[in-house]
2 protein chains.
Amino acid sequence: MRVTIADVARQAGVSKTTVSRVINTKGEVDGGTAARVRAVIARLGYVPSSGAVGLARGSSRTVGMLVPSLTWPWMGEVLQGVVDTVEAAGYGLLLFTCNRGAESVQRFTTQVSARAFDGLLVVEPENTLDTIVGLHHQGLPVVLIDDRGAHPEDFPSVVTTNFEGGASAARHLLADGRTKPLVITGPAHFGCVRERLAGFRHVLPTDRVVVGDFTELSGRLAVEKLLHARVEFDAVFAHNDISAAGALRALRAAGRSVPDDIAVVGFDNIPMARHTEPPLTTVRQPAREMGETAARMLLEHLGGAAAPDEPVVLPTELVVRQSAP
Amino acid sequence: MRVTIADVARQAGVSKTTVSRVINTKGEVDGGTAARVRAVIARLGYVPSSGAVGLARGSSRTVGMLVPSLTWPWMGEVLQGVVDTVEAAGYGLLLFTCNRGAESVQRFTTQVSARAFDGLLVVEPENTLDTIVGLHHQGLPVVLIDDRGAHPEDFPSVVTTNFEGGASAARHLLADGRTKPLVITGPAHFGCVRERLAGFRHVLPTDRVVVGDFTELSGRLAVEKLLHARVEFDAVFAHNDISAAGALRALRAAGRSVPDDIAVVGFDNIPMARHTEPPLTTVRQPAREMGETAARMLLEHLGGAAAPDEPVVLPTELVVRQSAP
DNA sequence: CTGAAAGCGCTTACAG
DNA sequence: CTGAAAGCGCTTACAG
């Protein structure tokens, strides 16, 4: 039924070994022989079975990627960066999620052991981190795309400049004459949250800090709370764009003008940021570049390069729109 | 190094055949023997090599998915639906994009022929449709997730009720007393665009139609154009949420109140829709369900079921928010 | 209930 | 420059 290397060998009048050499341009092959083999390959439309090649070579030319969710706004960017890089290198990408908790992790671990892929890219492990570290110690090449500041030490990972991102937001607000900012954070146990806050305060010290949870509601409630308590503030720095959108809504509902009365800066630069009212100034997180870089690191490692033992850091970038000109 | 079926067989004092039977619960095996084998498997942490199993069985228990882009707002939902379904069935998902044109398609086709996966899920082929149809004729199980109304006849596909979606938008506006609607369409050659327009006009005939291209800019320009021409209208139906957001912006810039002066309805229900000002009433496209359904159809087909030769239709749903109460 | 052997489709020393 | 043979780690008739 399907065309195999044996068919090609027979029709070209050579051995399977020679066909294999032609395909992989490995070892010396007579020019004429090679041409004849290539002609047969073309005529038969022969394509090597990836499964058989993988079995014989002991590697699958596939990398795995584990993500917590596919519906988060910046996940598409990360994924696109990974897929582009991986495909360009001729590798396949096997995608896994772990949204069913223990069961998913179990199934996933099985796939790993089954050698379905040669290396692994991971975003946001949360409860999976121990498993991942374990796999890494067992010899599986792993690179972590860490957007929440939770990577273990000495672990290959890609991060962004959360401290500097927070600082850049503060500098921008300060340059506009804002001196009484409110910070709406994400969950306090996230490393990225602590860093963004520290960076911001380093430039613009403030005690007006409300701990949020990255939801729109938390952004809205934080603003309402301060308004109700009659705390004065002339700017808001929210730790992600979603909660910044909530803050915008609460300010509008309260009749405060943005940016005239209060300037607002978010974090992430998700697609929505340009469609809020007014469009949101925000600290861009380089999601796509993080995906690309992590994939490149993993591929280089598979190619034999040493894994970097300290995180690769990609810069944030302030995107200025009307909410904080 | 790695634990193989031979190791298990040796330590359990049985043949590889028996180990295989225990693993696959296939054929009769003595209870005691089975227990002994299972104990060894557990002790050694043995996991079958997916590559070898695939080679021996002639199938990879993996499905491929081809998408044009991973950064579109509703793609995450589709993907999540697919991944959940595929993982639950114990299959892996191999992800491909075709954003580098011919080169990508070529590489992708090679993967197909390499039997890296057993079946294929496709979103929005555009220039790839011929290739896909060809692969399907060659015997590759394929299911198309068609969000733009472009599936060939007699092709397994999942679509949504574009006509009814347009009609439901019209009924909602009509019930609110709107009688002079503007329709901002997507590209005119899309089947879904024609259907949404036909459905809308079936309920609420109108000649105020501006052809857009699904971008925010096109939504903004359409409104500005009508405003400038002093055409009267009391509602806008945009064929996607992005261009609806553009319409909202243009209306606000012109000092028109939404929904008092003009009601606005979008299409898709992307995450952004709840964050526009005012939040957007829209026709929800069941992206996740489309992904789930397509994956289920493909898996059933791989399991031996006949492929449905006419499209499976999933209903849209009107989501009412403030822009058109 | 169990096992020896062939086969899945490749790659890779080894020998010439 | 080329090929015969072993091997990758499984499954599956076939025979008992």
Side-chain angles (χ1 to χ4, degrees), chain A residues 1-38 40-41 44-62 90 92 110-118, chain B residues 1-38 40-41 44-62 90 92 110-118:
Chain A
M1 183 64 218
R2 83 165 289 181
V3 181
T4 72
I5 196 173
D7 300 320
V8 176
R10 196 176 320 116
Q11 298 221 14
V14 298
S15 70
K16 293 189 294 175
T17 309
T18 297
V19 177
S20 175
R21 276 195 273 256
V22 171
I23 293 169
N24 302 300
T25 56
K26 204 174 214 168
E28 312 290 282
V29 180
D30 175 82
T33 311
R36 193 150 33 90
V37 170
R38 267 193 283 271
V40 174
I41 287 176
L44 264 41
Y46 167 68
V47 177
S49 149
S50 59
V53 173
L55 181 58
R57 270 212 271 252
S59 93
S60 57
R61 282 193 85 76
T62 295
T110 301
Q111 293 271 2
V112 178
S113 315
R115 298 287 155 104
F117 45 84
D118 302 338
Chain B
M1 183 65 218
R2 83 164 290 181
V3 182
T4 72
I5 196 174
D7 300 321
V8 175
R10 196 176 321 114
Q11 297 222 14
V14 298
S15 71
K16 295 190 293 176
T17 309
T18 297
V19 177
S20 176
R21 275 196 274 257
V22 171
I23 293 169
N24 302 300
T25 57
K26 204 173 212 168
E28 311 291 281
V29 179
D30 176 82
T33 311
R36 193 150 34 92
V37 170
R38 266 192 283 270
V40 174
I41 287 177
L44 264 41
Y46 167 67
V47 178
S49 148
S50 59
V53 174
L55 181 58
R57 270 210 272 252
S59 93
S60 58
R61 281 193 86 75
T62 295
T110 301
Q111 292 272 2
V112 178
S113 314
R115 297 288 155 104
F117 45 84
D118 302 338

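A, B, ... follow the sequence lines: proteins, then strands. Residue 1 opens every chain.
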Send over the distance from [X] [atom1] to [N] [atom2], rounded to a whole Å.
X       : N      : atom1 : atom2 : result
B/Glu28 : C/dC1  : CD    : P     : 5 Å
A/Ile41 : C/dC10 : CD1   : C1'   : 13 Å
A/Asp30 : D/dG3  : CG    : C1'   : 15 Å
B/Ile23 : D/dG9  : CD1   : C1'   : 11 Å
A/Ile5  : D/dG3  : CD1   : P     : 12 Å
A/Asp7  : C/dC8  : CG    : C1'   : 13 Å
B/Leu44 : D/dG9  : CG    : P     : 14 Å
B/Arg10 : C/dG3  : CZ    : P     : 14 Å

- Indicate yes or no: at least one non-hydrogen side-chain atom of A/Arg36 is less than 4.5 angstrom from one of A/Val14. yes

- Query: To the side chain of A/Arg57, which of D/dC8, C/dT12, D/dT2 is closest?
  - Reply: C/dT12

- Message: Checking contacts here: which listed nucleotide (D/dT11, C/dG9, D/dC10) is nearest the side-chain heavy atoms of A/Ala52?
- Response: C/dG9

Using a cut-off of less than 4.0 Å, is there contact between a side-chain N or O of [X] and OP1 or OP2 of [N]?
X       : N      : answer
B/Ser49 : D/dG9  : no
A/Ser20 : C/dT11 : yes
A/Ser15 : D/dG3  : yes
B/Thr17 : C/dA4  : no

- Along DNA chain C (nearest heavy atom to each residue), the more 5'-positioned of B/Leu55 and B/Ala34: B/Ala34

- Taking for each residue the nucleotide of DNA chain C bearing the nearest heavy atom, is the 5' side occupied by B/Val29 or by B/Ala56? B/Val29

- Message: Both distances below 3.5 Å, Watson-Crick or wobble geometry, any strand: find the nucleotide opposite D/dG3.
- Response: C/dC14

- Query: Would A/Ser20 and A/Asn24 satisfy side chain to side chain contact (heavy atoms under 4.5 Å, CB included), going step by step from the backbone distance to the final call?
  - Reply: CA-CA 6 Å; A/Ser20 175; A/Asn24 302 300; 3.4 Å; yes

- B/Asp30 (side chain) donor-acceptor with B/Gly32 (main chain) under 3.5 angstrom: yes

- Query: Counting only N and O atoms by type, is there a donor-acceptor contact under 3.5 Å from the side chain of B/Asp118 to the main-chain atoms of B/Ser59?
  - Reply: no

- A/Lys16 or A/Arg21, whichever maps to the more 5' nucleotide of DNA chain D: A/Arg21

- Task: Grab the two heavy atoms, one from B/Val29 and one from B/Thr18, that are nearest each other, plus how far apart they are.
- Result: CG1-CG2, 4.4 Å

